[in-house]
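Notes follow the structure.
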Amino acid sequence: MRNKNTWTICLSFFVVIMLCGIPLFNLSSYIMNILIMMLLFAFLSTAWNILGGFAGQHSLGHAAFIGVGAYTSTYLFNHYGLSPWIGMLIGGILAVLMALIMGYSAFRSGMKGPFFLLVTIASAQIIMLLVLNIRELGGASGITVPSQGHFPLLFQFESKISYYYVALSFLLLSLIISFAISKSKIGYYLIAVRENDEAAQALGINTVKFKLIATGISAFLSALGGTFYAQYILFIDPESILSLGLSIEVLVFAILGGIGTVLGPMIGAFILYPMGEFARYLWGGGTAGIHLLFYGAFLMICIIYMPQGVAGIVRNTAMKVQRTSN
């Protein structure tokens with residue numbers, strides 16, 4: 001266990017130092033955009049992993065939480081001039097309330113596995129239908145966020161480097177929370193629930209309570225990511241922020257990197273997102289969804305040949321090398 005902790009801390013420290021120095025290389029706007037989105041998806045995948053990885057409650061509806069965060073902060077900014085930094089927190093709270101209502105209904109009735117998966121998909125589709133039919137939220141046309149130039153208090157920056165470091169800060173926050181959960185009593189209870197729900201309940205663990213805790217934390221962080229997306233792109237619509245495809249992307253990154261590990265979702269996003277962008281570049285923008293086909297192929301390969309994900313392979317290799325050297 002100590003070796004595993006040492007491996008995680010050392011790798012995390014190395015990655016953080018490397019990521020902090022990347023903008024110093026004066027990269028092009030296109031490359032910076034890929035890096036920013038890569039960090040954002042690593043953050044969203046890490047948020048998903050708290051519920052889907054640690055608690056074992058796989059969700060395909062996290063786009064709903066992302067969308068609630070994006071639409072709440074954008075609506076409050078456009079209509080009331082409220083800073084997205086504050087609107088982001090309000091959106092996070094609303095996402096938590098929605099997640100708790102959905103989760104309590106599902107967990108109290110004993111839903112899990114494919115049944116819980118279907119509940120999350122249905123929840124996301126309900127949110128999408130609501131947005132499509134509410135004129136104040138832009139409907140299918142979406143909402144544009146008015147550009148304010150360089151205005152950090154309104155979560156807007158002229159330089160992509162600023163967005164890069166904000167995205168990196170979000171990712172570090174999610175990693176710290178994930179690591180803290182994995183080493184806490186809550187984390188041990190969540191793993192027990194993931195491995196055997198009935199056995200955990202028989203031991204006196206309130207499984208519904210800890211599933212709801214994981215759901216709430218995951219939803220809150222996902223909503224923060226939605227606000228970042230809205231402020232970075234300056235436009236949101238149901239197709240881009242509430243689609244099933246977005247939920248699938250977040251899940252695939254975690255599975256490839258190593259579901260249930262602290263660094264796995266980040267590793268998966270760092271590998272797959274740039275490759276997906278390269279696939280878009282090769283086949284052109286006219287081939288819609290080509291990146292999802294690309295992700296699906298990698299997902300099948302991962303399930304067959306790397307069930308523990310990349311993080312599991314790297315960790316096991318490092319521990320074998322350490323044992324050999326000792």
Side-chain angles (χ1 to χ4, degrees), residues 12-13 15-50 62-63 65-78 81-93 95 143-179 217-236 240-241 246 249-250 253 263 265-267 269-270 273-274 277:
S12 300
F13 182 77
V15 170
V16 169
I17 295 298
M18 182 182 67
L19 290 175
C20 287
I22 284 179
L24 301 178
F25 291 95
N26 195 25
L27 302 172
S28 68
S29 178
Y30 175 70
I31 297 298
M32 284 299 298
N33 179 68
I34 292 178
L35 291 173
I36 290 168
M37 295 303 294
M38 182 181 73
L39 291 172
L40 174 60
F41 272 101
F43 168 75
L44 292 174
S45 189
T46 301
W48 178 93
N49 190 55
I50 293 174
H62 262 57
F65 307 139
I66 299 170
V68 166
Y71 273 97
T72 300
S73 61
T74 301
Y75 179 82
L76 292 175
F77 176 56
N78 287 358
L82 186 67
S83 170
W85 292 107
I86 301 174
M88 174 176 68
L89 301 177
I90 297 175
I93 293 171
I143 307 178
T144 299
V145 181
S147 176
Q148 305 295 321
H150 186 71
F151 208 143
L153 290 178
L154 294 181
F155 208 137
Q156 293 191 20
F157 311 94
E158 287 183 345
S159 171
K160 286 187 180 294
I161 294 178
S162 299
Y163 282 107
Y164 175 90
Y165 282 117
V166 172
L168 179 59
S169 299
F170 275 34
L171 175 58
L172 292 178
L173 172 66
S174 67
L175 290 175
I176 291 171
I177 292 174
S178 292
F179 184 79
I217 296 173
S218 183
F220 184 82
L221 293 176
S222 297
L224 300 188
T227 295
F228 179 91
Y229 179 89
Q231 294 303 122
Y232 177 61
I233 303 297
L234 298 180
F235 175 79
I236 54 173
S240 63
I241 204 73
L246 177 59
E249 284 185 82
V250 170
F253 295 148
L263 298 180
M266 179 186 71
I267 295 173
F270 284 8
Y273 186 82
E277 286 299 306

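Predicted model, so just to flag it, every value in this text is computed and none were measured.
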Phe41 meets the ring-ring contact (aromatic ring centres under 6.0 Å, His included) criterion, sequence neighbours left out, with Phe253, Tyr273
**Asked** Are Tyr232 and Gln156 close enough that some pair of their side-chain heavy atoms sits under 4.5 Å apart?
**Response** no
Scanning both residues in full, the closest heavy-atom pair of Ser240 with Leu246 reads O-CD2, 3.9 Å
For Leu44 and Gly225 the tightest heavy-atom approach is CD2-CA, 3.9 Å
Rounded to the nearest 0.5 angstrom, the CD-CD distance for Gln231 and Gln148 is 9.5 Å
When rounded to the nearest 0.5 Å, the distance separating CD1 of Ile31 from CD1 of Ile36 is 11.5 Å
Check for a donor-acceptor pair, side chain of Thr74 on one end and backbone N or O of Tyr71 on the other, with a separation under 3.5 Å. no
The single option from Tyr163, Phe228, Tyr165 that satisfies ring pair (Phe, Tyr, Trp, His ring centres under 6.0 Å) with Phe157 is Tyr163
Between Ser45 and Val250, the two heavy atoms sitting closest are OG-O, 3.0 Å
Between the OG1 atom in Thr46 and the CZ atom in Phe170, the distance rounded to the nearest 0.5 Å is 13.5 Å
What one should report as the nearest heavy-atom pair of Ser222 and Ala47 is OG-CB, 3.8 Å
Interatomic distance, CE@Met32 vs CE@Met38, rounded to 0.5 Å, equals 10.0 Å
What one should report as the nearest heavy-atom pair of Gly87 and Thr72 is O-CG2, 4.1 Å
Contact check, side chains of Phe43 and Leu39, non-hydrogen atoms, under 4.5 Å: no
> Any side-chain heavy atom of Leu89 sitting closer than 4.5 Å to one from Phe220?
Replying inline: yes
Task: Any Ser73 side-chain heavy atom under 4.5 Å of Ile90 side chain - done: no
Rounded to the nearest 0.5 angstrom, the CD1-CG distance for Ile86 and Leu154 is 10.0 Å
*Is there a side chain to side chain contact (heavy atoms under 4.5 Å, CB included) between Phe77 and Thr227 once you walk through the steps?*
CA-CA 11 Å; Phe77 176 56; Thr227 295; over 6 Å; no
Side-chain touch Leu19/Ile22, heavy atoms, less than 4.5 angstrom: yes
For Ile50 and Ser218 the tightest heavy-atom approach is CB-CB, 4.5 Å
Backbone of Thr144 reached by a side-chain donor or acceptor of Asn78 within 3.5 Å:
yes
Between the CG atom in Leu27 and the CD1 atom in Ile161, the distance rounded to the nearest 0.5 Å is 8.5 Å
